[in-house]
Amino acid sequence: MATVSGLGTTYNLPNYTGRLFSVAPSDTPFLSAIGGLGAGKRTDSVEFEWQTEDLESTSANNSKTEGATAPTASEVSRSNVSNVVEIHQESVEVSYTKQAATGLHGGINNGLANPIVDELSHQIDLKLKKIGVDLEKSFLSGTYQKPANNSTARQTRGVLSAISTNVFANGGTPRAISKSILDAALTAMFSNGAPLSQDTTVLMVGAAQKVALSNLYAAGSLNQPTMTRNVGGFNLDTIITDFGTFGVMLNRWFPAGGIGILDLSVCEPVFLEIPEKGTLFAEPLAKTGSSTKYQLYGEIGLEYGPEQFHGWIKDLS
């Protein structure tokens with residue numbers, strides 16, 4: 001199996017018979033949980049923003065004397081946070097012969113049918129899955145880039161790249177996750193104003209940290225028996241902490257040496273809507289010969305809400 005560059009023909013895209021299995025993972029837990037490719041916000045600019053505001057300093061016994069004049073007026077200003085949509089553009093091209101010759105088999109000539117009767121549609125579907133995985137990776141770890149001209153591409157900032165307040169590292173020295181590390185992270189997040197809503201906060205992990213968390217919290221002295229919870233359409237394992245019961249979302253694209261504590265309720269994909277076309281679409285390109293060529297196009301970015309609502313435990317072994 002290999003990626004075919006350029007035109008797809010009967011020679012480089014041979015047909016086979018029998019059931020077709022996809023061996024490449026295309027799951028996108030984070031993207032799917034926050035709306036997927038079919039939901040989200042719309043924008044009319046390549047850049048979009050949202051706002052945050054704080055409260056004035058508070059204190060105990062902040063009282064006034066009888067008959068006091070009104071204090072000096074004070075107000076709370078707002079801050080803006082912004083991100084950009086990045087362009088996802090792919091194309092597929094299939095020859096007329098390849099589209100028509102569905103009965104031409106490249107493998108064993110038996111009586112079974114070829115499951116792919118429309119090569120063009122099949123390749124478009126594979127491209128959509130690829131874009132989904134690309135976005136999953138961008139939304140997690142994308143590096144922000146807002147170019148001054150068209151010599152470089154716009155890049156959306158991922159949620160992990162956005163976190164600055166609640167980053168819990170160990171100076172680059174790996175260590176195993178422990179209850180004390182997780183407790184300290186949740187304590188700091190709570191102190192820094194993170195809501196830590198049990199309904200929408202998840203611990204997002206790769207395979208190694210999923211096993212580590214399961215081994216850690218399987219001990220009876222640390223936790224009740226593992227339960228499940230549905231968050232954003234996903235059935236998740238849960239762990240019980242002093243700050244609530246949180247879902248554990250397994251994500252094969254998450255950085256291996258870390259655990260993300262993410263509030264899904266403030267995350268949402270943002271689409272630049274192209275007039276008369278939509279947000280993510282496939283359209284035929286001009287013909288230059290006996291083939292059909294389509295491009296897939298979409299401009300999509302991530303709104304991740306207040307970065308203080310998220311946390312990232314790094315440097316885990």
Side-chain angles (χ1 to χ4, degrees), residues 29-30 33-34 50-62 76-81 139-141 157-171 175-206 209-210 212-219 221-224 226-232 234 236-251 254-255 257-268 302-316:
F30 183 42
I34 63 174
W50 55 101
Q51 304 179 63
T52 62
E53 66 178 4
D54 209 336
L55 287 177
E56 296 181 70
S57 298
T58 60
S59 62
N61 303 128
N62 185 18
V76 176
S77 64
R78 294 174 293 280
S79 299
N80 70 321
V81 187
F139 283 7
L140 287 174
S141 305
R157 183 187 291 110
V159 63
L160 298 179
S161 305
I163 300 171
S164 59
T165 301
N166 300 313
V167 177
F168 311 104
N170 195 40
R175 80 278 200 213
I177 186 62
S178 64
K179 185 175 183 297
S180 62
I181 291 174
L182 183 56
D183 286 348
L186 291 170
T187 298
M189 290 181 67
F190 181 81
S191 299
N192 291 330
L196 294 176
S197 169
Q198 296 184 80
D199 293 333
T200 58
T201 300
V202 300
L203 274 62
M204 192 172 292
V205 294
Q209 300 309 320
K210 177 63 169 68
L213 278 178
S214 295
N215 290 337
L216 176 65
Y217 278 85
S221 60
L222 293 179
N223 196 20
Q224 297 179 12
T226 300
M227 301 177 293
T228 59
R229 160 175 290 162
N230 190 283
V231 176
F234 283 84
L236 310 173
D237 290 338
T238 61
I239 61 172
I240 299 174
T241 75
D242 290 320
F243 296 88
T245 301
F246 302 117
V248 180
M249 179 179 285
L250 179 62
N251 189 330
F254 198 87
I259 295 175
I261 306 171
L262 307 181
D263 187 340
L264 300 180
S265 69
V266 298
C267 298
E268 197 167 10
L302 174 67
E303 180 177 314
Y304 49 81
E307 60 85 17
Q308 301 93 328
F309 286 15
H310 310 294
W312 189 9
I313 304 174
K314 303 175 69 173
D315 299 333
L316 296 178

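Everything numeric in this text was worked out from a predicted model, so none of it was measured.
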Check whether any side-chain heavy atom of [X] lies under 4.5 Å from a side-chain heavy atom of [Y], and answer yes or no.
X	Y	answer
L262	H310	yes
L203	M249	no
F254	K210	no
F243	T187	yes
I259	I181	no
L216	Q209	no
F30	L264	yes
I261	L182	yes

Got a sec: does the CZ of F190 have more than 12 other heavy atoms crowding it under 6.0 Å? no

Can you see which heavy atom on [X] is nearest to which on [Y], and at what distance?
X	Y	value
S77	E53	O-CB, 4.2 Å
L316	A176	CD2-C, 4.4 Å
A188	N166	O-OD1, 4.1 Å
G247	T238	CA-CG2, 4.1 Å
F168	G311	CE1-CA, 4.5 Å

Measure the [atom1]-[atom2] distance between [X] and [Y] for me, rounded to the nearest 0.5 Å.
X	Y	atom1	atom2	value
Q198	T200	CD	OG1	10.0 Å
S161	L140	OG	CG	9.0 Å
D263	M189	CG	CE	8.0 Å

Kindly determine whether I34 and L302 satisfy side-chain contact (heavy atoms from CB on, under 4.5 Å), including the steps that lead there. CA-CA 10 Å; I34 63 174; L302 174 67; 3.8 Å; yes

For E303, what residues pass the side chain to side chain contact (heavy atoms under 4.5 Å, CB included) criterion, not counting sequence neighbours?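 E303 satisfies side chain to side chain contact (heavy atoms under 4.5 Å, CB included) with K41, F48, W50, V270 only.
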
Check the pair L186, F246 against side-chain contact (heavy atoms from CB on, under 4.5 Å), reporting the backbone distance first and the verdict last. CA-CA 11 Å; L186 291 170; F246 302 117; 4.2 Å; yes

Keeping E307 on the side-chain end and T165 on the backbone end, is there a donor-acceptor pair under 3.5 Å?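 Side chain of E307 to backbone of T165, a donor-acceptor pair under 3.5 Å: yes, one is there.
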
